[in-house]
Amino acid sequence: VCGDSDGRQMLKKWKGELSLQGKDLWEFGQTCRKQASCRKIAEKANMGQTRLVLAFDSGIHPWDRAFLSLRVLCEVLGGGNGLLFQEIREKDLYYVDKTGFISELLNYTDKVQLITRPRRFGKTLMMSMLKCFFDIEQDNRVLFSGLEIGRNKVLCAEWMNQCPVVFLTFKEIEGLDFESAYDCLKDVLAEIFNQYSFILDADNVNDYDRKLFTNLQNGMASKMEVKKSLKLLTRLLYAHYNKQVIILLDEYDVPLAKAHE
């Protein structure tokens, strides 16, 4: 957590209690923040063969209802990208258990949920956790073993890896004008559609949908076809699995922010 002896002692103290809330975790984070910057802390921290630091996100009030976010930086510290849920669990890294949010999410009746938090607050990590939990193309029981949601056997039996999931990120749509941003969007959609190319092998896909799908897959779709892209993909996935489709959209505001620049 910190490069000095006090930091290492704090790690030993909190090693089994990384789901602390409120005042305790706030004070824990304030101590970490005294070490100049997350990057400098990371460069100092050396635990075994893996350099690891739990970097505290600044600007978070202790009365916030959610767990205060701790970002795990491991091994490669120069990239600036947060690790995804599957990687954290497979490498047995420290993880603040937020899986209880899944049961809260399932209690909501709204079809659309918007999660707004500051930068570096763990939104992408949360989205990757949701994909691992719901994605019908995976079997992730091991990843959730020992976590809060894993103890809810009834909910897991009903929902874990039972839905088609489309994970879409607008992080790379960084065009400074409409045409360049639109080209980036077509590339993102082409990548997504290539992930689901197996749908074209189904007998129930008609020629019109097959042509539309292929155009999107090859980055040759018209603006109208791009507009219909997610509707097409979710409809075909529903027909393929006969299961409700979940769309996870990350970094949705990047094109707007770039346009503002």
Are the side chains of [X] and [Y] in touch, meaning some heavy atoms are under 4.5 Å apart?
{"X": "Asn215", "Y": "Phe193", "value": "no"}
{"X": "Leu147", "Y": "Arg89", "value": "yes"}
{"X": "His240", "Y": "Phe198", "value": "yes"}
{"X": "Phe134", "Y": "Met160", "value": "no"}
{"X": "Pro164", "Y": "Tyr196", "value": "no"}
{"X": "Tyr241", "Y": "Ile136", "value": "yes"}

Is it true that, when you exclude [X] itself, more than 12 heavy atoms of the residues, nucleotides or ligands shown sit nearer than 6.0 Å to its [atom1]?
{"X": "Lys123", "atom1": "NZ", "result": "yes"}
{"X": "Asp92", "atom1": "CG", "result": "no"}
{"X": "Asp110", "atom1": "CG", "result": "yes"}
{"X": "Phe178", "atom1": "CZ", "result": "yes"}

For this session: Can you sort out the partners of Arg210 under side-chain hydrogen bond (donor to acceptor under 3.5 Å, both in side chains), two or more places apart, ordered by chain and number?
Result: none
Exercise. Taking atom types as modelled, is there a side-chain donor on Asn194 or Gln217 under 3.5 Å from an acceptor on the other?
Worked result: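 Yes.
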Problem set entry | Distance-only polar pair, side chains of Asp177 and Ser180, donor-acceptor under 3.5 Å |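 Side chains of Asp177 and Ser180: pair found under 3.5 Å.
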Exercise. Is there a donor-acceptor contact under 3.5 Å from the side chain of Arg141 to the main chain of Gly150?
Worked result: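 Not confirmed, Arg141 side chain does not pair with Gly150 backbone.
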Exercise. Considering all heavy atoms of both residues, which atom of Thr99 and which atom of Glu148 are nearest to each other, and what is their separation?
Worked result: OG1-N, 3.4 Å
For residues 242-252, please give each side-chain donor-acceptor pair under 3.5 Å, one per line with the distance, not counting sequence neighbours.
residue: Lys243; atom: NZ; partner: Gln162; partner atom: OE1; Å: 3.4
residue: Asp250; atom: OD2; partner: Thr124; partner atom: OG1; Å: 2.6

